[in-house]
Amino acid sequence: MRNVLRRREAGIALALLVVIGVTTAVQPGFLLSAGGWRDLLLTPAILVVLAVGQAVVVITRNVDLSVGSVLGLTAYLTGRLFLAAPDLPILVVALVAVAAGALLGLINGAIVAFARVPALVITLGTLYVYRGVTLTWAGSDRIDAGDMPRTFLGLGTRQVLGVPVLTIVGAVVLLAVAYYLHTSRGGRQLYATGSDPDAAALQGLPVRRRLLGAFALGGALAGLAGVMFAARYGTVSSGAGLGMELQVVGAVVVGGVAIFGGSGTVAGAALGAMLLLTINRALPVVGIPDFWQRAVVGVLIIGAIALDRVLANRRSRRLAAARDTDPPATTPPGDAPPGTGPDDREEATA
Amino acid sequence: MRTHARPWWQRALLTREMLTILILVVAWIVASAVVQGFDGPLTITYLVLDVAPVLLIALPMTLIIVTGEIDLSVASVVGLSSVTFGLLYQAGLGLWAALLASVLLGAVCGAVNGALVAYAGLPSLAVTIGSLALYRGLAVGLLGTTAVTGFPEPWTDGATENLGESPYPVITLGLLALIAVFAVLLHATPFGRDVLDIGRSSEAARFSGVDVKRTLLILFVLSGAVSALAGVYYTLRYGSARGDNATGMELQVVAAVLLGGVSIFGGRGAIHGVVAGVLLIGVLGSALRLEGVTVNVINIVIGTALVVSVVAPRIAGGLRVRRRDAAGQRT
Amino acid sequence: GSGDGGGDGGGGTDDVTITMLPKNLGNPYFEASTAGAQEAADELGATVEEVGPDAASPDAQVPFINTAAQQGVGALVVSANDPTAIGDALEEARSAGTKVVTFDSDTEPQFRDLFVNQASPEGIADKQLELVADQIGGEGEIAILSASANATNQNAWIALMEEKLASDYPDIELVEIVYGDDDDQTSFDKTAALLQSHPDLKGIVSPTTVGIAAAARYVSTSDAKGRVAVTGLGTPNQMREYVEDGTVEAFALWNPTDLGYLATQAAAALASGDIAGEEGDTFDAGRLGEFTVGADGEVLLGDPYVYDETNIGDFDF
Amino acid sequence: MPNAAPTLRLDGVAKSFGPVAALRSGTLVVQAGSIHALVGENGAGKSTLVKIVGGVHRRDAGVVELDGAPVDFAGPAEAKAAGVAVIHQEPASFPDLTVTENIFLGREPLGRLRRIDRRAMREGARDLFRELGVDLDPDRPAEGLSIADQQIVEIAKAISLDARLLVMDEPTAALSAVEVRRLFAVARGLRDAGRAVVFISHRLDEVADLCDTVTVMRDGAHVSTDAVADVTPDELVRRMVGRDVAELYPKVPSTPGEVALRVEGLESTGTFHDVSFEVRAGEIVGLAGLVGAGRSEIARAVFGIDRYDAGRVTVGGRTLRPGDPAAAIAAGLALVPEDRRLQGLVTESSVVRNVSSVARRRLARLGILVPDAEARLARDWSGRLAVKAGALDALATTMSGGNQQKVVLAKWLATGPKVLMVDEPTRGIDVGTKAEVHRLLSTLAAEGLAVLMISSELPEVLGMADRVLVVREGRIAVELSRAEATPEAVMRAATPGATRSDAATEGAA
Ligand SMILES: Nc1ncnc2c1ncn2[C@@H]1O[C@H](COP(=O)(O)OP(=O)(O)OP(=O)(O)O)[C@@H](O)[C@H]1O
Ligand SMILES: Nc1ncnc2c1ncn2[C@@H]1O[C@H](COP(=O)(O)OP(=O)(O)OP(=O)(O)O)[C@@H](O)[C@H]1O
Ligand SMILES: [Mg+2]
Ligand SMILES: [Mg+2]
């Protein structure tokens, strides 16, 4: 399994390299200028952080559609904190925003876990509610660059050893979450919960705690993304992050995280986010007008899911073949394959 | 053996749909009493005109969600059909022909979704997030910066005109007809039973001879075609064909359907509940706007209504749920 | 028409209710214009209420127009997201007795009583070209970062700029027009893409307040700072940072507060029956003095104003 | 030993699900160092009792004691922590996790910094499989495991808990004879190590073979507890049903008529090969073979659920379009599939909807379903099959296994089929209902229905079938007439390369 998964992520990474390669061939500055290099790393940073959080939620067989609204709320909160207390250390402001995001995520998680209702419905509801709260709070007010400290705005664009600070933040988040998922009991239980929630309950796994944790983490990362948004764009209006939820889910799906939970990696999701945004930037460079961008992104998402299906089919065929050629010593020999012909697989997920 | 465990009136009243209808009635009564201007005839006219596209799309969406799938690309199909309708009209095609072609294109869009979901077996949530981007991209790409306007008056008027002196727009008739068609389809035909069975257990449905794949394909085609019809209506109502028409409407439709008592897990739902759900969102919006409440509060109200409508029955049945201990129930 | 020019003579303004419908909420430009509307209403003893959608799209504006009709407000002051799409709704509102004044972004003339124009399109186009030509030394590549692809006013200005470029600025080449949808993030990313695809770009003109701020923010933190000029239409508060740090030399805008003030005065004059909106009607617009309705029911606020280092400190909106 | 407190003691334990009293008075005393059988009809409350012991359900009343100390588990985790390992009736594995991860989930061996020690974990899994004598790759995902292999993973998991009490709820239902023997060896090993084992099975021969004590339950209450040696299987059956069972295999003689189902050269790569046979009207043909031989696959292909690569299926002279169950149904074919809850029924639907789920197409007038037509049909057929349910609009999920199976049969009989294929028609069904099902099949055949019966229970096949086809490795190995079909003959044909003596033992198992 590891190998196949690795291949899946390698596939996206390869696609990303091809996009960068082709675009650079057309327009060398895309990669080989200081600005090009910076934007290549910097542009996806926020979406990467969101995608990592979303991936964790999706792995548990849930989804959080409210992330765009959470980002908007926390980005605005960041600005207001700086306005209210200009001397507050940046770290404190960031922590407050992250905590606020975690709280909003926790609300989602609590409703989902305790009322046992589908996350899609709940987070669709809180998508409206959180956005409404931001609008009510902000009204026509807007946070402008002048409202926030220079040093904070500097973080949005500064580079350390040629790598933008926000990219470093994204990478650290990615590594930390990936490490947790791979090496801790809690991480494996997140996968188990998504793989079969009923079985997880029957096994006595702390399903509720895991769900709360996943949603809180997703919310906290959306909060962090809000801070990053404020730092990078320098202005925050009540519409920040509007409609971003589908982009994030798209990135996660492109990254090979199964929408029905249980499989996929945060690294894949992060690569998916990078691929989506890099393609977005590459299209105008290779001469495809702006307007067609979304169409290309759509094709990409559908292509990625189709690819996943092909890989999964190949894997089950391999597993079946293994059972045929190398029958376990105890099971009576027989070449009857499992109910995993293409037809069956389709039914199972349809 | 008894046919029913409960008397008919309990079966009719103690349903999830009834809750939405009840809330709708209460909201209407309260709004009429409290909100100035709500009881005027214009309210009904605008309500119908406003909810028409959402209502139209919600009908096939109900069936799709009942099978346990979802179609998030509907609003993009609205945009794409609006653009093709406009472009074809501009190119000199007759309006009926343009309408037909747009609806056909919508059906094709639906068929693409349906084929990917039913025959390639891909998860509909992911597929239609992809086609949401794809169809919107095509719509915006085709029309670029321009909008097509100048549709003939009889057509644009037809989209907004009232029936004689009544407060009901002409399109009310079409809406009622489609509601009836979908209600019969879901609740009184073998096809509708198949749809419900697929939502509850697609495997068992297959073993009963239901062609699950074809059924799903049909539903997605219906969804695409009806969304395209809504796109034409949209174009005529606003007299403007644009690539960004109805952006974000998919979430409104899903919210209305779920508010109407359809289970997102599939296998449960009724057309009358969905109609009530759509109207409820319309009435809330209309009443709150009249009260001068801003869009943000309307968002909060709709979002909260959605969450409460799902959570409340759970809390009401909480005692029972706890005793039955759902963990063991599904094993 | 009863255009005797006496706004104070009408006397019917104290019970006039006015609905202010900007393109969307959460936009400081419209916040400023609504403040002007409020100021005018206070002076006139009228009431003004601001409503609006959260995203700038015409279909989202229509329910608010309908609501205004249901409420039977005296006048509706609206900045249109589409020249035709909200037309039907406006006509219905007018047939219910509501006077319709467009400001900032017009509909087709038959749908409204008056259009309060911030500046003549020619004036705006000329001013922006003047600014950018000045800042890039009269030659080189420029690009335009617009709002949404369907924004009436944007497209009109862009068309005029293209004409004028061809005739008067032969050494300046307009290489691309991109659309930021009046969204910070999109405008920001589009700016990045512009610089990427046109390494020789010398200037960006953004005739929208959201766009120019996003472009300035991007340029101010990139190596293009000082190499690529950013100008267009912006508000002083949003641009202060970038004028001070040298990214932006100068930009233009009329005063949106004045615009809202004038539109509300005009709306009140219409609603109280002081004017009918015919060409040649005149009305008194409080602190702004007297205005005359021009051809096609247009009222012109004046010429755009140029903000730069020397004067930006005097403004706060 | 008798003086020490029993490892597990339940007394008067009750549990209701809404109106359903699943368990009225559960009483069970299990001593350390013993294997205790728990038997009873379907719906007797065995699994419910097990789930209470395992912390899945909370009891409504009664006493549960472990080693003399009262316990009340709030969840499965607590039960596990207290040394109770449960293999539930339906194995619940996580398809996306590896076999190893499945076994150690939540209890992974930890290394430095509380990180999972994957190597130790894999070694642990290897050791377990060695002990069980199976050869599973510890690193393969659980996805695609056969039911038998899933069950083995469950067993490995339970053993790895090193619990003082191991409860197995019908662990052998999907296992082959060899695997059953291995499992029994492990269970005996645990017993000899002083652990307590509870074993639930509908196969009384297994009970006799493995257990020392047997408790009988009926209608959610305790009936009796005896040493296995002291009761005969017949006596157990009588106690389980509470009445004498009439003959278990009431074969009604009938004369075969026309060929109703003809299968010619059916071929599906990797699954079955060159399958040809006929079933005549009025005849019951048994399809015997080892688990995994491919009998279900043949039935699925014939019915059109799965596609096949070559061959032809004819029903009543009409050749069926491959892969089209609707066409098969129209031609008069019916299939009662092997997995009742997943394939046979829409468990979230009512009895009415289930019974009419195939025939309803015929009830429609001008495409519209006439009100009540479905209810009439359902009342008629559930009456004929004596389905027991609170009301016809009760959900199928609330019914016991036997009644569910009757609903599936009713649903197909309502279509008026010419050919009825039944796959494991009595799997997991109690003896009383079993006899009813057999009588029904017999009567139907006598009335002219062609019946193809797939069953892994040899006595059932031998008792019911007019002819027996034995499937081995996806091929029809031999056809035996009723007279020729002895257990030895069938097993010899079914077992690849089996010696005579081997076949005989397995046949008896
Ligand atoms: N959960 C599963 N996933 C994949 N394949 C499975 C699963 N369960 C069983 N199989 C495969 O399906 C085939 C059929 O299994 P089954 O035990 O039903 O045997 P059969 O011969 O088809 O029917 P019978 O047991 O009635 O003889 C076997 O080859 C088995 O490996
Ligand atoms: N979660 C539940 N909700 C409602 N009824 C239930 C539930 N679980 C079990 N029952 C009912 O309780 C009764 C006892 O079921 P249980 O599963 O304990 O029987 P069993 O003895 O294990 O039968 P089998 O031999 O078929 O496994 C049955 O009538 C069943 O329908
Ligand atoms: Mg049981
Ligand atoms: Mg089988």
Side-chain angles (χ1 to χ4, degrees), chain B residues 1-8 10-11 15 66-68 119 180-181 183-215 263 265-269 317 319-331, chain D residues 16-18 47-48 51 56-58 60 75-76 88-90 92 303-305 324-330 335 337 339 341-349 351-354 356-358 360-361 363-364 367-369 371-372 374-375 378-379 382-383 387-394 397 411:
Chain B
M1 191 180 339
R2 282 175 304 155
T3 306
H4 300 290
R6 288 173 167 177
W8 66 270
Q10 277 190 10
R11 273 182 287 123
T15 61
V66 164
T67 65
Y119 289 89
V181 166
V184 168
L185 188 63
L186 178 59
H187 300 299
T189 64
F191 181 83
R193 296 277 195 270
D194 290 353
V195 168
L196 281 161
D197 277 359
I198 291 172
R200 290 169 185 175
S201 166
S202 84
E203 179 80 351
R206 202 158 65 103
F207 273 85
S208 298
V210 176
D211 192 336
V212 176
K213 296 174 185 179
R214 202 185 55 194
T215 308
S263 160
F265 293 130
R268 258 193 49 79
L319 241 164
R320 205 184 37 194
V321 170
R322 209 165 305 134
R323 253 195 290 129
R324 278 168 61 158
D325 202 345
Q329 209 175 333
R330 284 188 132 212
T331 60
Chain D
S16 298
F17 299 101
S47 298
T48 306
K51 284 179 180 164
V56 177
H57 292 321
R58 264 194 130 132
D60 299 337
H88 289 286
Q89 191 164 2
E90 275 101 30
F303 190 63
I305 296 288
D324 186 355
I329 293 167
L335 170 65
D339 189 330
R341 297 200 211 178
L342 221 55
Q343 305 165 336
L345 288 167
V346 178
T347 48
E348 293 300 314
S349 284
V351 177
V352 174
R353 290 286 170 85
N354 270 296
S356 65
S357 67
V358 187
R360 66 185 170 219
R361 282 177 197 76
L363 298 177
I368 311 268
L369 281 172
D372 272 353
E374 290 172 288
R379 194 170 317 116
S382 15
V387 173
K388 275 174 239 136
L392 283 177
D393 66 353
T397 186
K411 143 180 160 182

Top of D:Gly367, D:Ala378, D:Ala327, D:Ala364 for chain B proximity - count of heavy-atom pairs under 4.5 angstrom: D:Gly367
B:His187 side, atom NE2; D:Leu369 side, atom CG - distance, nearest 0.5 Å: 12.5 Å
Within-4.5 Å side-chain heavy-atom neighbours: D:Leu342 and B:Ser201: no
D:Ile368, part contacting chain B, at a heavy-atom distance under 4.5 Å: both
Gap between atom CZ of D:Arg361 and atom OG of B:Ser208 - 0.5 Å precision: 8.0 Å
Where D:Phe303 and B:Phe207 come nearest, the two heavy atoms and their spacing: CE2-O, 3.5 Å
Salt-bridge criterion met for D:Glu374 and B:Arg193 (N-O under 4.0 Å): yes
For B:Arg200, the option from D:Leu345, D:Val346, D:Thr347 that meets side-chain contact (heavy atoms from CB on, under 4.5 Å): D:Val346
side-chain contact (heavy atoms from CB on, under 4.5 Å) partner of D:Ser357, the single match among B:Leu196, B:Asp197, B:Asp194: B:Asp197
Pick from B:Gly199, B:Ala204, B:Gly209 with the largest number of heavy-atom pairs that fall under 4.5 Å of chain D: B:Ala204
